[in-house]
Each structure stands twice: as C-alpha cells, then as structure tokens.
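Worksheet: the structure to be examined is printed underneath.
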Amino acid sequence: MAQKPGIPKGTRDFSPSEVQKRNYIFGIVRKHFETFGFQPIETPSFENSETLMGKYGDEGDRLIFKILNSGDYLKKVDEATYGAKDAGKMTPKISEKALRYDLTVPFARYVVMHQNEIDFPFKRYQIQPVWRADRPQKGRFREFFQCDADVVGANSLLQEVELVQLYDAVFTDLKLEGATIKMNNRKILSGIAEVIGAQDLLIDFTVALDKLDKKGEEGVKKEMSERGLSAQAIAKVEPLFSLSGSNLEQLQALKKMLKDSEIGTKGVEELQFIIETVEELGLQSANLAIDVTLARGLNYYTGAIFEVAAPKGVKMGSIGGGGRYDDLTGIFGMKDVSGVGISFGLDRIYLVLEELNLFPQEIDQSLQVLCLNFGDKESQAALKLVTELRKNGIKADLYPSSAKINKQFKYANNRNVPYVISIGSQELQDGEFTVKNMQSGEQVNYALSTPRVFIENL
RNA sequence: GUGGUUGUAGCUCAGCUGGUUAGAGCGCUUGAUUGUGGUUCAAGAGGUCGCCGGUUCGAACCCGGUCUUCCACCCCA
C-alpha cells in the first residue's frame, strides 16, 4: 500500500506563485542591500555544534536542531553516560553538528576565520534559511528565511542611522507603508537597572519589562517581583510605564531619570543622536519610535536595539530586528570588533503583504504570450513565432498539443496570460497571426513576416 | 518543553443524543459551442471521514495513542 506522504511540522512547500512572490521580496531586499554597499556571503546550512551551542542561552540550545553522527554513533558512548539517560550529557557524544539557528553567529564565525582577507569595515548581507525546533504557530516556522545585513569594524553611530534608512527603503519599495521601527538601547536598560539598584538582575528585569504591551503594568510588576526585584526597585521603575509623547519628550524624560547613571546617559545620547539624524534625513514611509520596553532576547546586544512591527491592524510578530553588539566575535577569540546589523523576516513579511494585498498584480504572469496549437502544420509556424518572441525576452509558449481550442483558452485564462496568439489554417493562408488581448477581448492581426510590429506594441 | 485546539472531496466548510448508499458551494471533467477564455445551462467524476488501536450488533461521531493545524505560555523572524 502506498502511504500518504507528508512534510515535517513547521515546514512548507511553495507553489509557483508563492515562489514568485517570495522572489519578489528577495529581489527588493537584495537590491537595497546592494545599493547600501553590502556584499553577499553564504555559510553552510550546518555548523559544528560548539559554534552554535551556548550562544543563544539555554532556551536557544533547546531549539537548535542537532544532527546525529553518522555510522554506529552509539558505540562511542560509554556505559555510564548511556545508563544515565541524561540528554544533556548524551547529546554532545552522539551529535557533533547542528543546523544553523540564525545568520549572525555563523557570520561572526566567518569574520573570525576570514579576518585576514576582509577589508574592514566589512558590510555583508546574507539571505539563507535557518532552522529552529520551535513549536510552530502562525508566522512561526521550523524552517524560515532570514535576510541579514551587518557591518563589522565600524563604531560610528552613522551605521545605525543607515540601517534605519535601509529598513525604510525596503519597506517603501515593498509598498508596505506604516511599519514601525522601534528603537531602544541596551545601555539605557543597563542604566535603568543601575538606577533602581538591580544591576545583577538586568536580564530578569528586561525580560519582564519587554512584556509591557502584552501583560500590562500590573502584570509586569508581578513578574518583576517573581523574578526577584525588590518592591523598592519596582517602585522606581514606575515612571517608565507612563513614558509617552514624542520621541523628543521621551528622551528628555529618560535623560532626567538616568542623570546619575553614566552608562544610561550614554545610551540616551546615542539614541538621541540616531533619532535626530534620521529625522534630519527623513523617512519615506516607516515610523521611528522609541520603545524603552524593547529588550529582545539575545544577550549579545550592547548598544542600539531594533525591532520592526507590521503596520497597525496586522496581527503578526515582529517582521525584523537587530542591534549593535560590541563583542560578538569575542566568543571566537577576536576582540574589539564592533558590529551592528538588522534582519528581515522574509516569511512574515510575505504573510503581511499577502494579508494587505500588496503584491503587484503582474507577479502571477509567468507567461506573457501563449500560442494556441491548431495541429502539426500550424504549430510549425507558431513555434517559429514563439522562438522569435523568446529571442526578444518575451515569456512565450506554445500549447503542446492540439487540444480543443476551448480548453487551450481556458488554460491561458487560468494561467493569467495576457495575450493569446492563434495561427490556424486561415491565418496560415493569409500569412498572418491573430493576437487576442485577454483582458479587453480585442483581436488584432499581424503579418507573420513582421513579428517585430507586435513585439513593439506589447 | 507545558496546557489547550483542529483535522470530513483539489479548496472553504455542513453532517443532530452513535443507526442504511457521507453532503453543499467553489473548482475539475464532459456537453450545449468540432476556431475563442473569464458569464450561463446540463450532466459527470472525485472521499481509507488525518493515522493506529479500542468500546459497540453498528463509529465521521464515544475512548486511548500518534501525527498535523492553530492558540496561550516559553522564546522569537
């Protein structure tokens, strides 16, 4: 019995029109990456486990897909480890490779390994799939594409400014108006933790704060308390919850709150510089907003933090994120290389564009011209014409068999073909071909000897 | 990883407290129309009811397991 085939949880097949739409997004993202001076690289789908493990926290380690060793992998496991049935101890012995979890860590590895060939500052972009053993939900997959652009070896805050512009350029080109680029700075978060006397609970503090929009003020306070923050510290956080107004007003409030913290003040200054410079240059369609509750999970960020929210009314997790990390390559032994980068979540952007109906109409036009097949003799002339059209870069095809004309037209209709050409016995006799505009229904005849006239009218 | 939810025709979904041959709309095929699609009319094809097992005289329906979907945690693109 043939069994019903299936695909693993959280993976998808892409049909022709889906691939075309995805390529449309890839194309726009790539175009702007390149106009901003980024160069492409690619890294392997899987890395050595030690490259990835421990870089994303305990939670991240759990979500990394491990690859089983080849051969009789259990032979190398000693009895004690085997008997203990401890996955944490066993895994490193039976799995030495893992699928990449994001593009940033492999990039850091790349920079360290190729440091002698790279001209710094190095601006690279990378568009490749990543894998996470997460539980799928809407917009969360186990295999999805990330489009990353990072700059390493440049400390200037102008990089952050450019990255905001890059976000804006891509979303504008995609006609996705009203995306909000939320910004924060890790130094501000550190500063707040310092001011409220909870430096050693920085991570717990930020994780709890990050949930403000979801859980509300009371929920966040409760979680902070559960995570060990003192009532006194929580009281001092209070002003953050009511932080509102324009970016400038928020900056003023933060400045005041953090005046006694050196690092906090530095963070506010950085944020202010980026925001003022961006505002000076202007954005085309995106909004830039301060969000002090923005924390993001990855601990390697040290400066600016970005996250992009879809336009209002679309229920979707963030469609992009990024930030500055002063010491990413440090974990691989290369000190003092600062990096800053952003990422586009292709799969989520796809869902947003689909929901807002923002894909251009002509994307589904895989064929511009279909020649009908009226039989052997007629199709010879048709094939000649098709060949000529193809030489001129027109997507043209001849229907492969002389099926009923009715059926051939239906096929053209379903494939969204704008022009259908008929060369039947009548046309052949007159040395012509008939072009039907499928939208208007109009038919025009052209001489078979001068297809150029038709091509120019297209 | 925890708790819940979903699965019936290619698609979107009905299907009563378990009871004969499991339904609709759209799509598909054929014909009206052997050289004209997107409209109309008629006919037709298409289903191991996610999968495995159990209860029962009898299961799409009840029970257990499993896979999948989506949701809330967790985390995140």
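Side chains are part of it too, since the values below use all heavy atoms of this structure and drop only hydrogens, waters and symmetry mates. Quick note on labels: first sequence line is chain A, next is B, and so on, each numbered from 1.
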Would you say [X] places a side-chain N or O within less than 4.0 Å of OP1 or OP2 belonging to [N]?
X        : N     : result
A:Asn406 : B:G37 : yes
A:Lys404 : B:G31 : yes
A:Lys211 : B:C73 : no
A:Gln137 : B:A72 : yes

Rounded [atom1] spacing from [N] to [M] in Å:
N     : M     : atom1 : value
B:G15 : B:A24 : P     : 15 Å
B:G25 : B:A14 : P     : 16 Å
B:A60 : B:G19 : C1'   : 13 Å
B:C57 : B:G18 : P     : 16 Å
B:C13 : B:U17 : C1'   : 23 Å
B:A77 : B:U2  : C1'   : 23 Å
B:G23 : B:U68 : P     : 32 Å
B:A9  : B:G50 : C1'   : 14 Å

No-hydrogen, no-angle side-chain donor-acceptor test under 3.5 Å, A:Asp210 and A:Thr293: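 Distance-only check fails for A:Asp210 and A:Thr293.
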Side-chain H-bond candidate by donor/acceptor type, A:Gln443 with A:Thr434, under 3.5 Å: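 No, A:Thr434 and A:Gln443 have no side-chain donor paired with an acceptor closer than 3.5 Å.
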Ring centroid separation A:Phe33 to A:Tyr125 under 6.0 Å: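 Yes.
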Distance flag, aromatic centroids of A:Tyr167 and A:Phe344, threshold under 6.0 Å: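 Close enough - the centres of the two rings lie under 6.0 Å apart.
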Earlier contact from the 5' end, RNA chain B, for A:Arg62 and A:Phe409: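 Nearer the 5' end of the strand: A:Arg62.
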In Å, rounded to the nearest 0.5 Å, how long is the span from [atom1] of [X] to [atom2] of [Y]?
X        : Y        : atom1 : atom2 : result
A:Phe306 : A:Leu294 : CZ    : CG    : 10.0 Å
A:Thr43  : A:Met113 : OG1   : CE    : 11.0 Å
A:Ile319 : A:Ile349 : CD1   : CD1   : 5.0 Å

Pairs where residues 393-436 of chain A contributes a residue and the test ring-ring contact (aromatic ring centres under 6.0 Å, His included) is met, not counting sequence neighbours: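 ring-ring contact (aromatic ring centres under 6.0 Å, His included) check on residues 393-436 of chain A returns A:Tyr399-A:Tyr411, A:Phe433-A:Tyr446, A:Phe433-A:Phe454.
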Between the protein and nucleotides 38-40 of chain B, which nitrogen or oxygen pairs come in under 3.5 angstrom?
residue, atom, partner, partner atom, Å
B:G38, O4', A:Asn413, ND2, 2.9
B:G38, N2, A:Gln439, O, 3.3

Stem regions touching RNA chain B, defined by at least 3 consecutive Watson-Crick or wobble G-U pairs below 3.5 angstrom: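 Output for stems: B:1-4 with B:70-73, B:10-13 with B:23-26, B:28-32 with B:40-44, B:50-54 with B:62-66.
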Starting at [atom1] of [X] and ending at [atom2] of [N], how long is that distance when rounded to a whole Å?
X        : N     : atom1 : atom2 : value
A:Asn414 : B:U36 : CG    : P     : 18 Å
A:Ile64  : B:A77 : CD1   : C1'   : 16 Å
A:Lys182 : B:A77 : NZ    : C1'   : 13 Å
A:Glu442 : B:G37 : CD    : P     : 17 Å
A:Leu294 : B:C75 : CG    : P     : 15 Å
A:Leu103 : B:C76 : CG    : P     : 16 Å
A:Arg348 : B:C76 : CZ    : P     : 11 Å
A:Asn373 : B:U36 : CG    : P     : 16 Å

A:Arg140 (side chain) and B:C75 (base): donor-acceptor pair under 3.5 Å: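 Under the 3.5 Å cut-off, the side chain and the base do form a donor-acceptor pair.
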Any N/O donor-acceptor pair, A:Gln408 side-chain to B:U36 base, under 3.5 Å: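 Under the 3.5 Å cut-off, the side chain and the base do not form any donor-acceptor pair.
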Minimum-distance nucleotide (side-chain atoms of A:Lys315 versus B:U36, B:A72, B:C76):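 Of all the options, the side chain of A:Lys315 is nearest to B:A72.
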Nearest-nucleotide pick for A:Gln146, side chain only, options being B:C73, B:A77, B:U69: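 Among B:C73, B:A77, B:U69, the one nearest the side chain of A:Gln146 is B:A77.
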Output side-chain donor-acceptor pairs under 3.5 Å for residues 375-387 of chain A, partner residues at least two apart or in another chain, one line each.
residue, atom, partner, partner atom, Å
A:Ser379, OG, A:Gly375, O, 2.7
A:Ser379, OG, A:Asp376, O, 3.0
A:Thr387, OG1, A:Leu383, O, 2.7

What's [X] touching, base or sugar-phosphate or nothing? Going by heavy atoms closer than 4.0 Å.
X        : value
A:Ser422 : base
A:Gly375 : nothing
A:Gly424 : base
A:Phe145 : nothing
A:Gly139 : base
A:Glu378 : nothing

Cationic N near anionic O, under 4.0 Å, A:Lys221 to A:Glu217: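 Yes, this pair counts.
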Any donor-acceptor pair under 3.5 Å from A:Asn184 side chain to A:Ile305 backbone: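 Side chain of A:Asn184 to backbone of A:Ile305: no pair is present.
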Under 5.5 Å and under 30°: A:Phe344 stacked on B:A77: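 Taking the rule of under 5.5 Å and under 30°, the ring of A:Phe344 does not stack on B:A77.
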Could you list the donor-acceptor pairs under 3.5 angstrom formed by side chains in residues 146-153 of chain A, with sequence neighbours left out?
residue, atom, partner, partner atom, Å
A:Asp148, OD1, A:Ser343, OG, 2.7
A:Asp148, OD2, A:Thr104, OG1, 3.4
A:Asp150, OD1, A:Arg124, NH1, 2.8
A:Asp150, OD2, A:Tyr325, OH, 2.3

Candidates A:Phe144, A:Phe65, A:Tyr56 - the one meeting ring-ring contact (aromatic ring centres under 6.0 Å, His included) with A:Tyr101: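 Result for ring-ring contact (aromatic ring centres under 6.0 Å, His included) with A:Tyr101: A:Tyr56.
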Positive for ring-ring contact (aromatic ring centres under 6.0 Å, His included) with A:Tyr350, one of A:Tyr24, A:Phe26, A:Phe14, A:Phe359: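 For A:Tyr350, the ring-ring contact (aromatic ring centres under 6.0 Å, His included) check succeeds only for A:Phe359.
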Intermediate values then yes/no, side-chain hydrogen bond (donor to acceptor under 3.5 Å, both in side chains), A:Ser338 and A:Asp326: CA-CA 4 Å; A:Ser338 183; A:Asp326 280 332; 3.0 Å; yes
For nucleotides 3-13 of chain B, which of its nitrogen or oxygen atoms have a protein nitrogen or oxygen under 3.5 Å away, and what is each distance?
residue, atom, partner, partner atom, Å
B:G3, O6, A:Arg135, NH1, 2.9

